**Q** 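Just dropping this structure here.
Just the heavy atoms: all of them, side chains too, but no hydrogens, waters or symmetry mates, feed the values below. Just so we're clear, the structure is a prediction, and the values are computed from it rather than from any experiment.
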Protein chains: 4
Amino acid sequence: MESIKKSKQELRSEETKRSIAEAAGNLFTERGYDTVTMREIAKEANCSHTTIYLYFKDKEALLEQLAIPPLQTLEAAFLSVMNEKSLDPTGKLLEISRHFLRFCLSHKSMVTVIFNVKSVRVDEVNPAGEVNQLRNRLFSHLTESVNRIIPAETSEARINHSRVYFFVMNGMVSTYLNSEEPLEPLLERIIPLLDQSIEIVLLGIKHKLEQVQNPLKGQTKGQKDKEKSKKDKKQKVKKSKIEG
Amino acid sequence: MESIKKSKQELRSEETKRSIAEAAGNLFTERGYDTVTMREIAKEANCSHTTIYLYFKDKEALLEQLAIPPLQTLEAAFLSVMNEKSLDPTGKLLEISRHFLRFCLSHKSMVTVIFNVKSVRVDEVNPAGEVNQLRNRLFSHLTESVNRIIPAETSEARINHSRVYFFVMNGMVSTYLNSEEPLEPLLERIIPLLDQSIEIVLLGIKHKLEQVQNPLKGQTKGQKDKEKSKKDKKQKVKKSKIEG
Amino acid sequence: MESIKKSKQELRSEETKRSIAEAAGNLFTERGYDTVTMREIAKEANCSHTTIYLYFKDKEALLEQLAIPPLQTLEAAFLSVMNEKSLDPTGKLLEISRHFLRFCLSHKSMVTVIFNVKSVRVDEVNPAGEVNQLRNRLFSHLTESVNRIIPAETSEARINHSRVYFFVMNGMVSTYLNSEEPLEPLLERIIPLLDQSIEIVLLGIKHKLEQVQNPLKGQTKGQKDKEKSKKDKKQKVKKSKIEG
Amino acid sequence: MESIKKSKQELRSEETKRSIAEAAGNLFTERGYDTVTMREIAKEANCSHTTIYLYFKDKEALLEQLAIPPLQTLEAAFLSVMNEKSLDPTGKLLEISRHFLRFCLSHKSMVTVIFNVKSVRVDEVNPAGEVNQLRNRLFSHLTESVNRIIPAETSEARINHSRVYFFVMNGMVSTYLNSEEPLEPLLERIIPLLDQSIEIVLLGIKHKLEQVQNPLKGQTKGQKDKEKSKKDKKQKVKKSKIEG
DNA sequence: TATGAATGAGCTTTCATTCAT
DNA sequence: TATGAATGAAAGCTCATTCAT
């Protein structure tokens, strides 16, 4: 597409760049950004460490350029699922969530480095502009997918409820981020957990909403107790300042 | 109380140690153990980096001493709540969860450093022995508190369901860990979110169990669709290998 | 011989390594291993201290690599002399001693660092294994060369007498080790001193042995006095505890 | 003597100074100057490390002040022996040599630090003035004691011959300086070696001089061979440039 | 394009020394 | 007099990065 014919040199050059990116990706993923050295990347990529600087301005740029394509691919996957006619909103949310979980666990460095605002310094001239934009779009896709399912009450309630979804997602990613289990078996094992968790959360939200609309029905003893104890909750919160 | 009179020197010394601990805690939290330097800690604590070594053997000891007492206090709080006669199991879980959330957000360094297994190297001779033991006990207290609520089905189901609780907790902590909002207002704001999230999860689990026991009742359309779509889920998982 | 053509880079690299080794050797010699810093070595070698680490794993490795090849060359010289048919035992000892003195004064660092047991730590896992082996072999070559000359009396007497040789050698090395005179003129000047000293010692030993075999002949007045004074020597030794 | 009455404070102060000096002396002796820290000295002296600075300007001054009294004592011992009527010159030399050896081995730090010119910086304003003067006087006493024994030939010959004595002394000190054997047993063991070595050297010198005066008598085969081989000695020296 | 050589900044840690009480 | 608190200088070493070929 881009060029009908590439000289051997060009091909070789591309291959070098690709192998550097692959090596860096693997190492960042396995051991995080900070602990990986340029020389290690070079060794893994079978080139000199100085060669890396021919293709990437510096270590941080390497990380960024490494991040953008996967994020774009992820967004494409999100959009594809959202436009899938054969799935209902819940199905779409599940599928998107699976994509998201898989992405985070297969690009570990991105979770810590890109999703943590701090590490991508904002004090530079638009250093991670594209990355940030992508990040924001991804989150809004997720939010939208959740909101399509939860019946519209007051927008405040809806927002609060949708947060539970994010907590679960964030929690799953955090929980399995440092797992040493190989990716595929790990996913095979935890995607059912993801499905189940989302199912539970949606079910919980549904019944919570029903409860609010019809407060006398379906309460368990625990719930009633809780209701009672709500009176002094605030006080409890205060009391629990256990640390200096 | 502790001592009637403290010399000015003693006070100064205590203050220095305290400010070092605080600075280290904050910095570890924000940027992790490895990337924070002793000189940075010293700068933040308004002292020379060599002064740190007067109070802490080395960087690792600084981390450990930072961690142990709060963790012990947290465990004491856990036990106190668990023995509280006036609370039902749900109330206990809520209260424990609040303690846990408050702890994580007020000791941010511990979340990244201690709860992430990697950072506390395991290849050394009992490097963080006491820390690890504490950590394990805390988790077992949480697990137990959850299990007291969820009706005993198969133990597998129970374990899986209780995981949702952990995902939510972990997710909340991760979400607000980097918040720059001051601690107390933040907690004031998000503890209702915590209560609500746990409530939703427990409600979801309860109804999920009922569903399983009585599979025909109470299904929503979304649920049925999901059921249908389960057939090709595995295939989907395979298909979604979107990255090399 | 070794390679027909060397690139400029190779030459530069070799020159750098050589100048580092030279600088380190000189400084170790003058001020000992511990007090010399990597930065000082670098300054003397006209390079950055980090450059040293390109050529030597660490400071200890620098020391070792500095020591082994010269020690091997020295042993080769020893063996060559010892197998030289045209020299009688005394001639061999003289020649070997000259080699030894030249070596010590032209590799000053090795005298303090290698011949002083302490500096090469023994508490590590075989830290200077090869160096120690070489060292031991060298000393046994020297011992053997001395023993070929001194007529075999009781082995104890022989050992004691041969020690005088070592004291002289060690003393000469110590005396001229810190000389600032250039090596060649210095050697030109002191090798006659060495020859003379060994000659004197051998002559002394010879006559001492004769004396013992035939105790009445050839005593000087001084000797007789000494003999007399031997009675209270032990007491003198005790008396001479002049320091607390 | 110095003051008829000392206040309790003065006594206590002197005691502190003494205990610091003792501690420093012990540690310097055992482990050398560089490796001993001020805090260690303080610990050994049962005081704070800051207290040391009340009595000694700095670490180097501590070492110096530590050195002077023993050196003075040593000189006094030298003079006492030299004035001893009951000893002949050889007996005096032996006794002085014993004192000297004992001193060096019981004040190890002084050997390396004071007898090695380098370590006592000369670029300061008379930093070690008294120490240097003492040092020089001690050496001249030794030289004189040797010269009283060796029959006066040409002064050049005398000087050269007397050097052998210094080589032996220097060699013995160097050899046993780092011995880990306790001092007293060590001395008990090596003072006979010292006596013997000096005896041999004096005997050797005596016969050497006789040889020179009467060159045909008393040559051994080895000596003759050596004489023969002298022709090409210079050439040998040249040839033995074995190192680059 | 590619690389080996070289470096400056910076890391953790130690130590002699000064400050303030 | 005596001391705990605090510090600057400097150690060995690593790493991302630039230079020269």
**Q** Using whole Å, report how far OH of Y33(B) lies from P of dC11(E).
**A**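 Between P of dC11(E) and OH of Y33(B): 14 Å.
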**Q** Checking the side chain of K59(A) only, and the main-chain atoms of Y33(A) only, is there a donor and an acceptor separated by less than 3.5 Å?
**A**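 A pair under 3.5 Å: yes.
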**Q** Report the residues that fulfil side chain to side chain contact (heavy atoms under 4.5 Å, CB included) with A23(B), sequence neighbours left out, ordered by chain and then residue number.
**A**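 A23(B) satisfies side chain to side chain contact (heavy atoms under 4.5 Å, CB included) with I41(B), E44(B), A45(B) only.
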**Q** Could you run down the sub-3.5 Å N/O contacts of the protein with nucleotides 17-20 of chain E?
**A**
| residue | atom | partner | partner atom | Å |
| --- | --- | --- | --- | --- |
| dT17(E) | OP2 | Y53(D) | OH | 3.1 |
| dT17(E) | OP2 | K59(D) | N | 3.0 |
| dT17(E) | O5' | Y53(D) | OH | 3.4 |
| dT17(E) | O4 | H49(D) | NE2 | 3.2 |

**Q** Measure CD/E14(D) against P/dT1(F) and give the value in whole Å, please.
**A**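 Distance check: E14(D) CD to dT1(F) P gives 12 Å.
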**Q** Could you list the residues that satisfy side-chain hydrogen bond (donor to acceptor under 3.5 Å, both in side chains) with E22(D), not counting sequence neighbours?
**A**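 So E22(D) forms a side-chain hydrogen bond (donor to acceptor under 3.5 Å, both in side chains) with R18(D).
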**Q** I need the CD1-P distance between I52(B) and dT13(E), as an integer number of Å.
**A**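 These atoms are roughly 10 Å apart.
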**Q** Rounded to the nearest Å, what distance is computed from the CD1 atom of residue I41(C) to the P atom of nucleotide dA11(F)?
**A**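 Result: 11 Å.
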**Q** Rounded to whole angstroms, how far apart are CG on L54(B) and P on dA16(E)?
**A**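 Distance, rounded to whole Å: 14 Å.
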**Q** Between dT1(F) and Y55(D), is there an OP1 or OP2 to side-chain N/O distance shorter than 4.0 Å?
**A**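 So the side chain of Y55(D) is outside the cut-off, no N or O lying under 4.0 Å from OP1 or OP2 of dT1(F).
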**Q** Between S48(C) and dA6(E), is there a side-chain N or O to OP1/OP2 distance below 4.0 Å?
**A**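 Result: no.
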**Q** Is it the case that K17(A) places NZ or CZ above or below the six-membered ring of F56(A), under 6.0 angstrom from the centre and within 45 degrees of the axis?
**A**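 Satisfied, under 6.0 Å and within 45°.
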**Q** Holding to side-chain hydrogen bond (donor to acceptor under 3.5 Å, both in side chains), I want the full list of residues that pass it with R12(B), two or more places apart in sequence or in another chain.
**A**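 Once residues adjacent in sequence are excluded, R12(B) has no partner under the side-chain hydrogen bond (donor to acceptor under 3.5 Å, both in side chains) criterion.
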**Q** Please identify each residue that fulfils side-chain hydrogen bond (donor to acceptor under 3.5 Å, both in side chains) with S48(D), with sequence neighbours left out.
**A**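 Scan of S48(D) (side-chain hydrogen bond (donor to acceptor under 3.5 Å, both in side chains), adjacent residues dropped) gives T50(D).
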**Q** Name the stems with DNA chain E in them: runs of three or more consecutive Watson-Crick or G-U pairs, distances under 3.5 Å?
**A**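 DNA chain E forms these stems: E:2-21 with F:2-21.
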**Q** Heavy-atom nearest nucleotide on DNA chain E for E40(B) versus T37(D): which residue maps closer to 5'?
**A**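 First, find each residue's nearest nucleotide; the 5'-ward one identifies E40(B).
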**Q** Atom CG of N46(A) to atom P of dG4(E): distance rounded to whole Å?
**A**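 It works out to 12 Å between those atoms.
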**Q** Using the test side chain to side chain contact (heavy atoms under 4.5 Å, CB included), find all partners of D34(D) that sit at least two apart in sequence or belong to another chain.
**A**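 Applying side chain to side chain contact (heavy atoms under 4.5 Å, CB included) to D34(D) gives T35(C).
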**Q** With R39(A), which residues qualify under salt bridge (Lys or Arg N to Asp or Glu O under 4.0 Å), at least two apart?
**A**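 With sequence neighbours excluded, R39(A) shows a salt bridge (Lys or Arg N to Asp or Glu O under 4.0 Å) to no residue whatsoever.
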**Q** With a 4.0 Å cut-off on heavy atoms, is F56(B) in touch with a base, just the backbone sugar-phosphate, or nothing at all?
**A**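 The residue F56(B) makes no contact with any strand.
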**Q** Quick one: side-chain hydrogen bond (donor to acceptor under 3.5 Å, both in side chains) partners of Y53(D), sequence neighbours excluded?
**A**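 Here no residue qualifies.
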**Q** Counting side-chain heavy atoms from C-beta on, which of dT3(F), dA6(F), dA5(F) comes nearest to T51(B)?
**A**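 My answer, after comparing the listed nucleotides, is dA6(F).
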